[in-house]
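For the numbers below, each heavy atom of this structure counts, side chains included, while hydrogens, waters and symmetry mates do not. Just so we're on the same page: letters track the sequence lines, and every chain starts at 1.
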Amino acid sequence: MSVILLAWYDANAREMPWRTSPQARKDGVLPDPYTIWMSEIMLQQTTVVTVKDYFTRFINRWPTVRDLAAAQDADVMAEWAGLGYYARARNLLKCARAIVEEYDGVFPADHAALLTLPGIGPYTAAAVSSIAFDLPHAVLDGNVERVMARLYDIHTPLPAAKPELMEHAKALTPQQRSGDYAQAVMDLGATICTPKSPACGICPWRDPCAARAAGTMAELPKKTPKKPKPIRHGTVYLGRRTDGAWLLETRPEKGLLGGMLGWPGSDWVDSSLPHPDSTPPAKGDWEELEGEVRHTFTHFHLILRVITADLASETTPTQGEFVAKSDFSPSNLPTVMRKAFDLHYQGVSPQMTQRGPLL
DNA sequence: AACGCGTGGAG
DNA sequence: TCTCCAAGCGT
C-alpha cells in the first residue's frame with residue numbers, strides 16, 4: 001500500500017518553499033527542522049496558498065530558531081497579522097525560546113519531547129519527527145482523516161472516529177521514507193481525495209478503496225453537525241492625532257485576537273442585547289462613519305460601528321496608546337481591525353491597506 | 001469532551 | 001449571501 005503511494009508521490013509531489021523533494025531526500029538530504037516546524041505551525045487550519053508568503057517572510061526575517069527566540073513579541077505578532085489563530089504566534093515564540101533554553105537551540109527529534117513544547121500537539125509532533133527526521137510516526141490531520149475514512153469506508157462521524165482512523169493511519173505508515181509518506185498522504189488528500197468530488201479515477205489507491213467500491217466516497221467522512229453562529233455587535237474608535245499618530249491598544253494575551261494590536265472600543269455583545277455602552281478612548285469630536293464592518297470569526301458573526309475623530313496633539317487617552325505614523329501599518333492589524341481602517345479609507349485606493357510598505 | 005480560537009477561497 | 005473547510009492546539 002505505502003509503496004504504491006510513494007511511487008505516486010515521486011511523480012506528483014507538489015513543490016513548496018519548505019519542502020525537500022523526494023529525489024533529494026533519497027539522496028539523504030533532510031530539511032532544517034526549524035523550517036518544517038515553522039511551516040507546520042502556519043499550516044494548522046490554514047491553506048498552503050495562504051501560508052507561502054508568510055513562511056517566506058518569517059524565514060527571511062528570522063533565519064534560525066535563535067533569531068526568532070531573540071525577536072520582540074510585538075514584531076512577531078505584527079508579522080503574523082492576517083494569518084489568524086494568533087495563539088499560534090504567541091506559542092511560536094514560547095516554543096522557540098524553549099528550544100534555545102532547554103535544547104541549546106537544537107530541535108528534538110523525539111515525538112514525546114516535541115509534544116511537550118508550546119503549540120505542538122499530536123499532529124505537529126508527528127509531522128516534525130517524520131518530515132524533518134524520517135521517524136515513523138503517523139500524521140493524522142484533516143486530509144488523512146478523510147483518506148482513511150474513505151479507504152476503509154468508516155461511517156462513524158468525526159471527531160468520534162479519530163482513534164479508529166489513527167489506528168489505520170499507523171498501520172499504513174512505513175518504516176522507510178516515513179517523511180515522504182506523511183507528505184504523500186496529505187498531498188493525496190489535498191489534490192485527489194478532496195472533500196468534494198474526489199478524483200477517484202486517477203487515485204493511486206483507487207483499487208483498495210472501500211468507499212470507492214461502495215460508492216460512499218462523496219459522503220465521507222461523516223461529521224457531527226455544527227452549531228449556528230450568533231451575531232454580535234460593538235463599536236471601535238479610530239482616533240488620529242494631528243501629527244498622524246493613531247490611537248491603538250495591544251489586546252490582552254488571552255482570548256480573541258490575544259496579543260494583537262486593535263482599536264479601542266466597546267465589548268462585543270449578542271445582537272439580542274441593546275447596543276453596548278462605550279465611552280470614547282479620548283476627548284474629541286467623534287463622528288460615526290457611514291457603513292459598518294462585517295466580519296465572521298470561528299464561532300460568531302460580528303458587526304462593528306466605526307467612530308472616528310481628529311485628536312488634539314496634547315490629548316491624553318484613557319485607553320490605548322498613540323502609534324506614530326511612521327510605525328503604523330494596517331497590515332500589522334488583525335483582519336477585522338484592518339477592515340475598520342479600510343472603512344475609514346473607503347473611496348481611497350484599496351491597495352493602500354494591503355500588506356506592503358508603510359503608509 | 002466540547003468549546004474557543006481567524007481568515008480567505010470555493011462552490 | 002451563505003456554508004464549508006484548510007497540514008489543530010489548549011483548556
At the 4.0 Å heavy-atom cut-off to chain A, mark where contacts on DNA chain B begin and end, going 5' to 3'.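 The protein-touched segment is B:dC3 to B:dG8.
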Are A:Arg57 and A:Tyr54 in a cation-pi contact, defined as NZ or CZ under 6.0 Å from the six-membered ring centre and within 45° of the axis?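 Yes, A:Arg57 lies over the aromatic ring of A:Tyr54.
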Quick one: is the NZ or CZ of A:Arg177 closer than 6.0 Å to the six-membered ring centre of A:Trp8, and within 45° of its axis?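 No, A:Arg177 and A:Trp8 do not form such a contact.
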Who clusters with A:Val269? Use side-chain heavy atoms, under 4.5 angstrom, across I, L, V, M, F, W and Y, and order the result by chain and number.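 A:Val269 clusters with A:Leu273.
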Counting only heavy atoms not in A:Glu253, do more than 12 fall under 6.0 Å of its CD?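 Enclosed.
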Evaluate whether atom CG of A:Asp267 has more than 12 neighbouring non-hydrogen atoms of other residues, nucleotides or ligands under 6.0 angstrom away.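 Atom CG in A:Asp267 is not crowded, with 12 or fewer foreign heavy atoms closer than 6.0 Å.
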Just to verify, what does A:Trp286 make a ring-ring contact (aromatic ring centres under 6.0 Å, His included) with, not counting sequence neighbours?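 So A:Trp286 forms a ring-ring contact (aromatic ring centres under 6.0 Å, His included) with A:Tyr237.
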Using the test ring-ring contact (aromatic ring centres under 6.0 Å, His included), find all partners of A:Trp18 that sit at least two apart in sequence or belong to another chain.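 By the ring-ring contact (aromatic ring centres under 6.0 Å, His included) rule, A:Trp18 matches A:Phe55.
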Answer with base, sugar-phosphate or nothing: what part of the nucleic acid does A:Ile41 contact at a heavy-atom distance below 4.0 Å?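 No contact.
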Assign A:Val336 to base, sugar-phosphate, or nothing according to its heavy-atom contacts below 4.0 angstrom with the strands shown.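 Answer is sugar-phosphate: A:Val336 comes under 4.0 Å of backbone atoms only.
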Strictly below 4.0 Å, heavy-atom distances to any atom of DNA chain C: list the hits from residues 153-170 of chain A, or just say none.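 None - not one residue of the stretch has a heavy atom sitting under 4.0 Å from the strand.
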Rounding to an integer number of angstrom, what distance separates C:dA7 and B:dG4 when you compare their P atoms?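 Comparing P positions in C:dA7 and B:dG4 gives a spacing of 24 Å.
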First encountered from the 5' end of DNA chain B, between A:Arg90 and A:Lys227: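 This one resolves to A:Lys227.
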I'd like to know whether A:His275 forms a side chain to side chain donor-acceptor pair (under 3.5 Å) with A:Arg305, so could you lay out the CA-CA distance, the side-chain angles of the two residues, the decisive distance to 0.1 Å, and finally the verdict. CA-CA 10 Å; A:His275 215 88; A:Arg305 296 198 297 176; 3.1 Å; yes
Compute the centroid of each ring, for A:Trp268 and then for A:His295, and state whether the two points are separated by less than 6.0 Å.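 Ring centroids of A:Trp268 and A:His295 are no less than 6.0 Å from each other.
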In sequence, state the C-alpha distance, the side-chain angles, and the governing distance for A:Asp310 and A:Arg241, and then conclude on salt bridge (Lys or Arg N to Asp or Glu O under 4.0 Å). CA-CA 6 Å; A:Asp310 292 310; A:Arg241 208 165 55 185; over 6 Å; no
Across nucleotides 1-7 of chain C, 5' to 3', mark each nucleotide with B, S or - according to how protein heavy atoms within less than 4.0 Å reach it. -----BB
